[in-house]
Amino acid sequence: MKYSQYFIPTLREIPAEAEIASHKLMLRAGMIRKSSAGIYSFLPLAHRVLKKIIKIVEEEMDRAGGVQVLLPMVQPAEIWQQTGRWDVYGEEMFRLKDRHQRDFCLGPTHEEMITSLVKNEVRSYRELPLRLYQIQNKYRDEIRPRFGVMRAREFIMKDLYSFDRDNDGLNRSYQAMFEAYNQIFTRCGLEFRAVEADSGAIGGDVSHEFMVLADSGEAVILYCEECSYAANNEKATAALPSSMEEPLLPIEKVHTPGQATVPEVTTYLSVPPSQLIKTLFYQTDDEILAVLVRGDDEINDIKLGNLLNKPYRLAPPEEIASKLDLPVGYVGPLGLQEKRVKVLADLRIKAMANSICGANLKDYHLRNVNLERDFRVDSFADLRLAKAGDQCPHCQHPLLETRGVEVGHIFKLGTKYSSSLRATFRDEQGEEKPLIMGCYGIGISRIVAAAIEQNNDQDGIKWPAPIAPFQVLILPISKEQLPQAEEIYKGLIAAGVEVLLDDRDERAGVKFKDADLIGIPVRLTVGPKGLAKEEVEVKLRMTGEDLRWSLSEVTSQVLAYLKAHSPGGVLNEIMPTNQSQDGVILEKK
RNA sequence: CGGGGCGUGGCUCAGCUUGGUAGAGCGUUCGGUUCGGGACCGAAAGGUCGCAAGUUCAAAUCUUGUCGCCCCGACCA
């Protein structure tokens with residue numbers, strides 16, 4: 001492709017609307033332009049990257065037994081009403097009416113659509129397993145779209161839905177997808193991790209997320225270097241510390257004037273935060289309940305939400321004061337049952353001895369408080385937010401923390417949708433059973449942003465070779481070198497390499513700046529200095545390495561570079577993989 | 001939806017407090033000089049100041065409404 005005939009409207013200045021690196025760079029590199037909030041046009045450079053990713057995804061889905069379909073984006077309300085999600089989805093669903101006033105939505109996801117399709121077509125266990133997938137636009141009217149295509153209202157997603165006859169089948173489908181996902185992100189040239197995840201609103205018990213590691217990622221990942229454990233911090237657990245074997249001391253009231261927060265109390269009394277019991281009050285529709293965690297722990301809202309299974313929020317201090325007559329900052333678990341407050345506690349509370357907590361009296365705390373002797377708990381659960389330094393739940397080694405962008409999420413759904421939509425099959429006994437489903441999503445357009453988020457510097461994007469819009473950029477210093485540049489261009493094209501030739505009548509500096517910005521992995525500078533020695537000057541964008549290749553070897557050198565930087569296969573040539581079976585691996589570049 | 005902020009040439013922004021001829025830099029076009037990391041000189045084009053109503057002799061500027069966008073919170077691929 002010749003630059004002068006192409007369409008890459010780069011921006012010299014940073015658009016004011018962009019916050020994070022990938023958003024700024026996609027705008028500056030002429031990849032996207034906003035149409036309205038969270039809705040973007042993808043320009044040629046971005047479109048090429050999308051196609052690269054889609055190709056990898058399709059190959060791996062097909063290889064894992066997937067069969068591609070294209071489903072309606074405009075979906076009728078009835079199927080959503082049958083699963084109850086017409087109401088559950090709420091404002092996040094783009095809704096529309098046709099001329100007959102019938103309700104439709106723009107598909108935010110396709111469980112309903114695919115299940116209602118399959119239910120009419122699949123009748124026998126002989127037709128299973130079935131793994132159908134689609135890659136298309138999805139629509140979610142996000143409350144707050146942000147970060148460019150990272151969280152958009154219109155976005156491209158791949159979804160595969162598996163239909164099996166039993167749990168063993170589901171497990172095989174899940175495992176096949178797990179492996180395919182590892183393969184996909186490896187082949188994209190991204191550093192990523194598969195982590196255990198909360199299954200959220202979609203339901204199901206087992207779930208993994210695939211995270212592209214990036215400091216700017218919204219998700220926090222806890223992982224163990226010793227074993228394979230890795231989890232989203234929404235889900236992560238840690239091994240429990242051993243119980244304190246201490247003689248129980250008599251309870252003691254201490255005056256702590258104006259010391260309401262954990263740091264204040266621990267400083268004032270010279271004790272570690274781990275010795276405090278923090279008491280927080282939450283409100284649901286019908287009750288107020290207390291949640292106890294250790295002073296150095298935070299409550300994990302996801303875990304609490306899963307346990308309560310109903311809407312809840314932190315009770316405002318005025319509520320606590322008026323309804324329970326308790327002074328916020330000095331509350332403790334003693335005597336709460338008498339106030340008809342249900343008490344939940346994190347598991348770590350069990351192991352504490354001679355703790356400190358509020359005295360339920362302004363400006364007073366209690367020392368040497370002990371479970372059972374002094375207060376009771378209605379139920380224990382893992383309610384704390386795990387953090388770096390906690391012990392791995394499998395092997396007790398300290399957990400490490402990193403951040404990531406969620407680009408894939410796989411779920412075991414079970415029969416949630418097949419039951420409500422009555423998608424059944426007959427087994428060998430002729431018995432009618434609901435299909436066992438799984439669903440497996442990849443945010444295709446989000447991968448583009450995540451890849452940039454992971455690979456950029458001050459000058460621009462550094463594309464991993466497998467998903468770069470072009471593999472090679474040829475940059476003639478001036479018009480004088482254009483003929484030689486075209487020779488190299490033809491040679492590379494003939495070898496099947498994707499090349500962008502910057503034939504614009506621009507100053508060298510401008511071309512260098514644009515080259516860095518759009519981030520094509522191999523830059524070949526054709527200038528008088530190199531040509532005098534029958535060489536091109538090579539700059540590798542990812543590492544910044546400078547090389548010289550002789551004109552006669554350019555093509556073979558490029559091919560060698562691309563092969564070396566195509567994990568898992570190049571040009572359809574798929575290499576064997578070396579991932580572990582339980583799959584939780586960290587890819588190193 | 002709650003809180004905060006912003007809408008002025010294609011882009012980044014000044015001007016608004018204190019109403020009176022709409023500005024700069026970048027980009028674009030033309031001419032010239034340059035030409036290996038976003039050149040320089042000269043000339044030019046380009047703006048319903050988001051939109052609507054109001055106050056006023058006069059509104060980018062003041063008031064009200066409205067639309068859009070961005071940031072912080074709950075959501076998620």
Side-chain angles (χ1 to χ4, degrees), chain A residues 9-20 23-24 27-28 30 33-39 53 57 88-93 108-110 135-160 181 197-202 207-212 217-219 232 234 301-302 305 311-314 404-411 439-450 459-460 475-481 504-517 523 525-531 537 539 546:
Chain A
T10 58
L11 259 31
R12 186 178 293 213
E13 299 190 66
I14 303 169
E17 68 189 54
E19 180 81 353
I20 59 168
H23 189 192
K24 288 177 190 167
L27 287 164
R28 286 195 58 212
R33 288 293 183 264
K34 185 172 65 186
S35 160
S36 57
I39 298 183
I53 296 169
V57 169
V88 174
Y89 241 97
E91 298 283 296
E92 206 171 304
M93 188 143 68
T109 179
H110 286 74
I135 295 174
Q136 58 197 89
N137 282 358
K138 305 223 170 182
Y139 297 85
R140 290 183 197 169
D141 195 357
E142 294 280 348
I143 298 164
R144 189 151 89 82
R146 60 183 139 173
F147 304 145
V149 301
M150 191 76 92
R151 171 171 291 137
R153 295 196 293 172
E154 177 180 75
F155 56 100
I156 303 170
M157 200 164 142
K158 185 281 311 182
D159 261 324
L160 184 143
Y181 274 41
D198 184 75
S199 48
I202 295 184
S207 170
H208 284 89
E209 286 168 335
F210 288 78
M211 302 282 193
V212 168
E218 290 186 275
N232 188 317
E234 294 175 348
D301 290 330
I302 306 283
Y312 71 96
R313 62 193 173 91
L314 204 55
V405 176
E406 182 187 354
V407 290
H409 201 159
I410 61 178
F411 301 85
C439 87
Y440 317 86
I442 290 182
I444 303 277
S445 43
R446 181 180 272 189
I447 291 177
V448 181
D459 295 318
L475 195 158
I477 287 294
S478 75
K479 273 188 248 179
E480 315 297 319
Q481 289 82 34
R504 291 177 301 169
D505 185 15
E506 286 285 358
R507 298 169 64 85
V510 172
K511 294 196 239 184
F512 283 129
K513 288 291 181 190
D514 277 338
D516 288 343
L517 183 56
R523 186 184 85 197
T525 306
V526 185
K529 290 178 200 165
L531 287 178
E537 298 152 63
K539 178 96 169 179
D546 283 306

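All figures in this text were calculated on a predicted structure; none of them were measured in a lab. Basis for what follows: all heavy atoms, side chains included, without hydrogens, waters or symmetry-related copies. Here is how names work: the chains are called A, B, and so on, in the same order as the sequence lines, proteins then strands, and each is numbered from 1.
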Q.
For a quick check of understanding: with a heavy-atom distance under 4.0 Å over all strands, which category does A:Arg523 fall into, base, sugar-phosphate or nothing?
A. base
Q: Describe the nucleic acid contact of A:Pro528 in one word from base, sugar-phosphate, nothing, applying a heavy-atom distance below 4.0 Å.
A: base
(Q) Under 4.0 Å, counting only non-hydrogen atoms across every strand here, what does A:Glu91 touch: a base, just sugar-phosphate, or nothing? (A) nothing
Q.
I'd like to know if A:Lys34 and A:Glu17 make a salt bridge, using a cut-off of under 4.0 Å between side-chain N and carboxylate O.
A. yes
Q) Which listed nucleotide (B:rC35, B:rC76, B:rG38) is nearest to the side chain of A:Arg507? A) B:rC35
Q) Going from CZ on A:Phe512 to OG1 on A:Thr525, what distance comes out if it is rounded to the nearest 0.5 angstrom? A) 4.5 Å
If you restrict it to nitrogen or oxygen atoms, what contacts under 3.5 Å exist between nucleotides 22-26 of chain B and the protein, and what is each distance?
| unit_1 | atom_1 | unit_2 | atom_2 | d |
| --- | --- | --- | --- | --- |
| B:rG25 | N2 | A:Glu13 | OE2 | 2.6 |

Q) Between A:Asp514 and A:Val149, who's closer to the 5' end of RNA chain B by nearest nucleotide? A) A:Asp514
Q: Using a 4.0 Å cut-off on protein heavy atoms (strictly under), produce a 5'-to-3' string for nucleotides 67-73 of chain B with B for base contact, S for backbone-only sugar-phosphate contact, and - for none.
A: --SSBBB
(Q) Base, sugar-phosphate or nothing for A:Ala152? Non-hydrogen atoms, less than 4.0 Å. (A) base
Q. Has A:Phe512 got its ring stacked on B:rG36, by the test of a centre gap below 5.5 Å and a plane angle below 30°?
A. no
**Q.** 5′-ward residue of the pair A:Val407/A:Thr525 relative to RNA chain B
**A.** A:Thr525
